[in-house]
Student: 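Let me give you the structure first, and then I'll get to my questions.
Nothing here was measured: the structure is a model prediction, and the numbers come from that model. Convention: sequence-line order gives letters A, B, ...; per-chain numbering from 1.
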Protein chains: 2
Amino acid sequence: MVTTDVRARRREATRREILDAAWRLAAEQGLANLSLRDVAAEVGMRAPSLYTYFDSKGSMLDAMFAQGYRELDELYAGVRSDGDLAAMLTAATEAFVRFCQASVPRYQLMFTRAVAGWEPSARAYEVSVASYEHMRDRLAAAGVQGQRALDLWTAMTAGLAAQQLANDPDGDRWFVLSRDVAVMFVDHLRRNR
Amino acid sequence: MVTTDVRARRREATRREILDAAWRLAAEQGLANLSLRDVAAEVGMRAPSLYTYFDSKGSMLDAMFAQGYRELDELYAGVRSDGDLAAMLTAATEAFVRFCQASVPRYQLMFTRAVAGWEPSARAYEVSVASYEHMRDRLAAAGVQGQRALDLWTAMTAGLAAQQLANDPDGDRWFVLSRDVAVMFVDHLRRNR
DNA sequence: GTCTATATCCAGATAGAC
DNA sequence: GTCTATCTGGATATAGAC
């Protein structure tokens, strides 16, 4: 049925519009203060109409959460891995810090528990796990092997981003340490081999 | 006036009781869900009575925030600094991760923006700055000099704690990397001298 | 698919009696 | 200093008309 297909596309487009509006408002007034009323108003609707597109506020947040991890996945996929390891890790770290700076609410939704009564559903969580596994495999191929090394790495990149956002959200203070972290880490790997 | 003094003490004791109750409830039901009604009930009062002891919910959170940084300050003051640098940094990192694990709401209040409409007042913020400066001075005395090195250090410890709380709140998975981080960092300092 | 109207609930804060 | 009663505002979600 062609008409059904058209309607499905239209529906998907509206869902996108709603999510875009939600991100926009979250950036303006804080993720924790995001309300369905405001999101609806932002797309020219009233709150109850949103329930045509999402089962609940939680399922809308689920969609945003999964979207964030798909974006991170794409970002990491674009990091060049043909140079030496330190160069690749530097690029990955810089990309990650910029990714976090680009949208504070996205960062909060993906990496902190900033929304009061919500946590990602199992379905949404799977997307984040897939993203993590892709990163793990790419790093392993580049020479970062073992859970312990990977944990050390994620802690350092998470720390850079956290400090950058908390203390210098629009600046470079921790971003510029990306290369130091990468070199330090590569030296650490060499020493423990 | 003796009576006034007694009343001031009593008042201070009640303030303590209220803060203890707030921490307890925050641990049970989440910092973001903390309400004055519940805190009041926990100490056997009704919500309006709390306004005798705190101007607003925000000022209660301010007191909790400042309390957290005073506790962190004491913790760091107790870290032995007579051994070699790597040993001291390992101890400091382990202490910090345990400090964060000991109270998730305290961690959220101090280091994230987990409460919707609140941020620390200027007075409360000063306490956190003082704590930071003490840590900075202690590290400088031990051989960690310069803003860049300090920023690198805070990022790594913040990252360990963040990953530990997010992915293994009651475990050791990132805690056990404290020594690796310390040694890695000391090597980095030596190389850049 | 969108609306109005409403149910239900909970929050912080204040007025004023005792 | 503590209470009851209330103000004010906001949230998610549902019922049912159009």
Student: Quick check: do A:Asp73 and A:Met135 have side-chain heavy atoms less than 4.5 Å from each other?
Tutor: no
Student: Among D:dT14, D:dT4, C:dT2, which is the nearest nucleotide to the side chain of A:Thr52?
Tutor: C:dT2
Student: Just the rounded figure in Å: distance from C1' of D:dT2 to CE of B:Met45.
Tutor: 8 Å
Student: Please work out if A:Gly58 contacts a base, only the sugar-phosphate, or nothing of the nucleic acid, heavy-atom cut-off 4.0 Å.
Tutor: nothing
Student: Tell me which residues in residues 20-39 of chain A lie within less than 4.0 Å of DNA chain D, going by non-hydrogen atoms.
Tutor: A:Leu34, A:Ser35, A:Leu36, A:Arg37
Student: Between B:Glu71 and B:Arg106, is the closest basic N to carboxylate O distance under 4.0 Å?
Tutor: yes
Student: Measuring centre to centre across the rings, with the benzene-like ring taken for any Trp, is B:Phe111 within less than 6.0 Å of B:Phe96?
Tutor: yes
Student: Between B:Arg9 and B:Asp5, is the closest basic N to carboxylate O distance under 4.0 Å?
Tutor: yes
Student: Specify the separation, in whole Å, of atom CZ of B:Phe54 and atom P of D:dG1.
Tutor: 13 Å
Student: Under 4.0 Å between any heavy atoms, over every strand shown, what does B:Tyr53 touch: base, sugar-phosphate, or nothing? Just pick one.
Tutor: sugar-phosphate
Student: Using whole Å, report how far CZ of A:Arg7 lies from C1' of C:dT2.
Tutor: 15 Å
Student: Whether the side chain of A:Gln163 engages the backbone of B:Ala158 through a donor-acceptor N/O pair (distance < 3.5 Å, no angle test) should be reported.
Tutor: no
Student: Would you kindly give the CG-to-P distance between A:Leu50 and D:dA11, to the nearest whole Å?
Tutor: 13 Å
Student: Which residues within residues 11-19 of chain B lie with some heavy atom under 4.0 Å of an atom in DNA chain C?
Tutor: none
Student: Determine yes or no for a side-chain-to-main-chain donor-acceptor pair under 3.5 angstrom, with B:Asp168 supplying the side chain and B:Asp172 the backbone.
Tutor: yes
Student: For B:Arg46 and C:dA13, give me the distance from atom CZ to atom C1', rounded to whole Å.
Tutor: 17 Å
Student: C:dA13, C:dA5, D:dT2: which one has an atom nearest the side-chain heavy atoms of B:Lys57?
Tutor: C:dA13
Student: Counting distance only, does the side-chain N/O of B:Arg123 pair as donor-acceptor with the main-chain N or O of B:Ala66 below 3.5 Å?
Tutor: no
Student: Around atom OH of B:Tyr125, are there more than 12 heavy atoms from other residues, nucleotides or ligands closer than 6.0 Å?
Tutor: no
Student: Side chains of B:Trp153 and B:Thr157, heavy atoms from C-beta outward: is any pair under 4.5 Å?
Tutor: yes
